[in-house]
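Encoded as structure tokens, the structure appears first; notes follow it.
Proteins come first, then strands; the chains are lettered A, B, ... in the order of their sequence lines, and each starts at number 1.
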Amino acid sequence: MNLFLSQISAIVWKDFVTELKTRELLSAMFIFALLVILIFIFSVNLSVVKANEVGPGILWVAFLFSGTIGLNRSFMLEKENGCLMGLILVPADRTAIYFGKLISNFVFLSIMELFILPLFMIFFNIDLLAHLLPLLLVIFLGTLGFCALGTLLSSLASNLKTREIMLPILLYPLLVPIVIGVVRMTGQVLAGEPLSEMMNWIGLTASFDIIYIGVSIMTIDHILEE
Amino acid sequence: MDNLGFLFAANAFVWGGIIYYVYTLKQRNRALEKDLELLKETLSKEG
Amino acid sequence: MSSDEIEENEEEGNILVWLTGLVFLAAMIAIFIYVPTEKTEGVVQRIMYFHIPCAWLSFFAFFVVFICSILFLWKKDREWDIYSHASAEIGVIFCSLVLITGPIWAKPIWGAWWVWDARLTSTLILWLIYVSYLMLRAQSDAGSMRARYAAVLGIVGFLDIPLIHFSVLWWRAFHPQPKVITSEGIGKGMDPTMLATLGISLCAFTLLYFLLMGVRVRQEKLKDEIDRLKREKIYSS
Amino acid sequence: MVDNHNPSDSAIEVRDLRKEFGVLKAVDGISFDLKRGEFLSVFGPNGAGKTTLIKILAGLTRPSFGTARVAGYEVEEGKSEMRREIGVISHSTALYADLTPMENLIFLGKMYGLERPKESALMVLEDVGLAPRRNDRVRTFSRGMLQRLSIARAILHDPSILFLDEPFTGLDIHASNVLKEQLQALHNKKRTILMTTHDISCGLEMCDKVALQVMGRFAFFEDVEEVSKENFETMYFDAVRNNQFTMGIRNS
């Protein structure tokens, strides 16, 4: 068990050292998310539509699109020079590799989201600070679900010739429940509703997270096989 | 209410879809048969 | 496969062809002659006798994909891979027919081709999931990798269906719109003749599924056999 | 776990190994034994299933039939224990290009659960002569240095068996000489080595046993003393030519 945990932390450590040296992933994700938000601002007329109504959707589209970039990049790193094969050779449980990648994807995406949130607050003139805790909970649930399924599918797509195209095609239809759930919850949180009003959505998103982490644990053996 | 056109269209699409699929199946079968013929030919030439 | 087995299979196949044809004939007679025209919706309601069986068939096909995917990962037998491939293909075809006949029915009844009703939306997403399944198969080379990946997606995709269903249902519930039709409206208070017609049609389409599956699976096995012969020929030379 | 560990002097025991999927047969019934400390060179045309053989023995993929014991462990079951005993070198380096050699090796040491990853890393870097460059980025390394580093990577956890999948591909003369020296040294240290290669003189020079793999089977498996280079060369070229000819038929 101890080895299992230290293997997970070794993978996360390795991803962080790489990121500290290259600074490619976070900056790319951040700029991309910013661009998505800008393009949406230009495409809707903010003097007609209420910022509170379109804001949550735009925010999450930005998160998901730039998250997809992050997933692609993260498994590109492993595919380059056949590192993934080297990782499979190690006497580690495959789930350790899955959790290591899941955690580092999750942490990178969360850091990027924390940078985007203040800008979102300024651009849309929405006061996030008043509902910060419930908002963070919603973002946590959504990001975890996205990374749970995304890590599984990107390890699968990384072996395809057309991996950059196939990842979103495989991922987005399956993400529909999460997208609907988090956008609705974010909207309600920003409107000042308490979390107890949206227990069904929280339950749905949490069960998405649990189901996909469970399925990944059961199927990752079959994906990480040469 | 006379919407026979809609009924006809829906019906046509369903049948068209099924027939199209059967047609592609036929096509694939034909390709396989051709392949098989070629194989037999080369085998008999060698044997 | 020995030649006897092939013959036997062919005989069974012929019986299935005739049976399917007969039931389809009966279904056609029932749909266009026997069943009375519905009062409020008019003749368009007859589309339902195609629409519902198509939907049933595609859901059933996707369920088969799910089961066969699990069995594949468990047994690692190419047989299950062939079944899930064939079933997914047929499922996508009929899911497309559902998505085409749905709007054709909706236009005269609801006044719009497409309404973001819960069922329509989830059917569309389902269609997307299984199209991406077929794309994944097309994108990877034949071999155990393709089969394993497809099986994982077959499982992941099917488990998503209940989540999609609830999310789409609640999504609409929060935007109350004038409900043109309740989702149960079709089945409620149905005339027995209508129910019988629907039943016959369901039978016909289910038979058609097994017929198509049989053809598709046999095809795939024949392809394997040809490849095997080719390789053996190469080996002997 | 102790039960299936068989401390015989065989490093690798393979019995009727098959890997097939539907009609594709990559490995089609291979049996052989390799004693501890022996060096086996496997030759064969492209597509003969050499890489698949190594992948099965290294536990990267499961065989469909047959058994393989590596270092006394059943390949299918003895997952972790067996993996500690083996090292793999292929033409892809399996190194993270943005990290330094030290970071790469420390990461790997942690994954293997080594007690002192840093010390072990330094030691193997000394062994392959890369210690002075231990803190440069791997991206800046030449092909020969990369190959040396991937040897360091493979022997970090001190495995008793090494698998090499066409290690000479893409190396210049100097780099392949360095690699040969390293292999010789490992062989002298009584490591068991299984190498696939296309380089006949190189492969024959170092090994104890020779195998020729064609269409997923061993067409030939002998002690190196029994083999004359000329005879083997003709046999090998025949196999390759046949293979190309049949590949042509398949694609037409």
Side-chain angles (χ1 to χ4, degrees), chain A residues 1-28 73-101 103-104 108 155 158-159 220-226, chain D residues 19 26 51-52 54-63 73 78-100 102-115 117 135-139 141 146 149-150 153-154 156-157 159 162-163 165:
Chain A
M1 199 60 203
N2 246 335
L3 179 63
F4 185 74
L5 291 181
S6 70
Q7 280 167 338
I8 293 177
S9 67
I11 293 176
V12 178
W13 170 82
K14 184 259 309 169
D15 280 351
F16 266 87
V17 173
T18 311
E19 179 55 24
L20 277 180
K21 292 200 167 185
T22 58
R23 296 210 179 81
E24 278 167 1
L25 183 58
L26 271 177
S27 55
R73 159 87 186 156
S74 140
F75 263 91
M76 274 294 279
L77 273 181
E78 302 293 342
K79 277 312 271 188
E80 204 188 10
N81 302 334
C83 293
L84 194 57
M85 194 199 74
L87 215 50
I88 302 173
L89 275 171
V90 161
D93 207 82
R94 309 297 204 240
T95 48
I97 299 172
Y98 171 75
F99 278 117
K101 290 310 280 183
I103 291 172
S104 64
F108 282 133
S155 60
S158 68
N159 279 325
I220 195 76
D221 266 13
H222 302 288
I223 291 178
L224 293 182
E225 184 188 319
E226 286 285 305
Chain D
K19 170 80 181 176
T51 304
T52 311
I54 285 194
K55 279 183 177 169
I56 293 174
L57 293 178
L60 285 174
T61 184
R62 280 166 253 214
Y73 296 104
K79 281 193 167 171
S80 304
E81 287 84 356
M82 187 206 84
R83 287 201 201 127
R84 267 176 231 286
E85 296 284 331
I86 59 168
V88 177
I89 301 171
S90 68
H91 45 265
S92 54
T93 56
L95 295 161
Y96 294 96
D98 291 312
L99 300 181
T100 67
M102 272 308 267
E103 285 162 343
N104 262 302
L105 294 178
I106 290 175
F107 166 63
L108 206 68
K110 285 182 182 164
M111 293 303 285
Y112 274 97
L114 300 184
E115 303 242 314
N135 289 327
D136 295 349
R137 264 191 217 197
V138 171
R139 204 178 278 290
F141 280 26
L146 281 176
L149 188 54
S150 67
R153 189 193 178 288
L156 174 73
H157 54 292
L162 280 168
F163 296 109
D165 191 12

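Considering NZ of Lys14(A) and CG of Asp98(D), their distance stands at 10.5 Å, rounded to 0.5 Å. Once rounded to the nearest 0.5 Å, the distance linking NZ of Lys55(D) with CD of Glu225(A) reads 10.5 Å.
Contacts between Lys110(D) and chain A at a heavy-atom distance below 4.5 Å involve backbone atoms as well as side-chain atoms. For chain D, the nearby parts of Ile11(A) are the backbone and the side chain; heavy atoms of each come within less than 4.5 Å. Neither the backbone nor the side chain of Asp15(A) comes within contact range of chain D, judged by heavy atoms closer than 4.5 Å. At a 4.5 Å heavy-atom cutoff, the contact between Arg153(D) and chain A is made by side-chain atoms alone. Of the two parts of Leu108(D), only the side chain, counted from C-beta on, holds a non-hydrogen atom closer than 4.5 Å to a non-hydrogen atom of chain A.
Residues forming a side-chain contact (heavy atoms from CB on, under 4.5 Å) with Asp165(D) (at least two apart in sequence, or on another chain): Thr51(D), Ile54(D), Ser90(D), Thr196(D). Evaluation of the side-chain contact (heavy atoms from CB on, under 4.5 Å) rule for His157(D) yields Tyr112(D), Leu114(D), Pro159(D) as partners, not counting sequence neighbours.
Nearest heavy atoms, Glu78(A) versus Tyr96(D): OE1-OH, 2.6 Å. The two residues Met85(A) and Val88(D) make their nearest non-hydrogen contact at CE-CG1, 4.4 Å. What you find for Gly82(A) and Ala94(D) is that their closest heavy atoms are O-CB, 3.5 Å.
For a heavy-atom cut-off of 4.5 Å, chain D lies close to Leu87(A), Ile88(A), Leu89(A), Val90(A), Pro91(A), Ala92(A), Arg94(A) in residues 87-95 of chain A. Residues of residues 19-27 of chain A placed with any heavy atom under 4.5 Å of a heavy atom in chain D are listed by number as Lys21(A), Thr22(A).
Panel note: side chain Asn81(A), backbone Leu95(D); a donor-acceptor pair is recorded below 3.5 Å. Side chain of Gln7(A) to backbone of Met111(D): a donor-acceptor contact under 3.5 angstrom is found.
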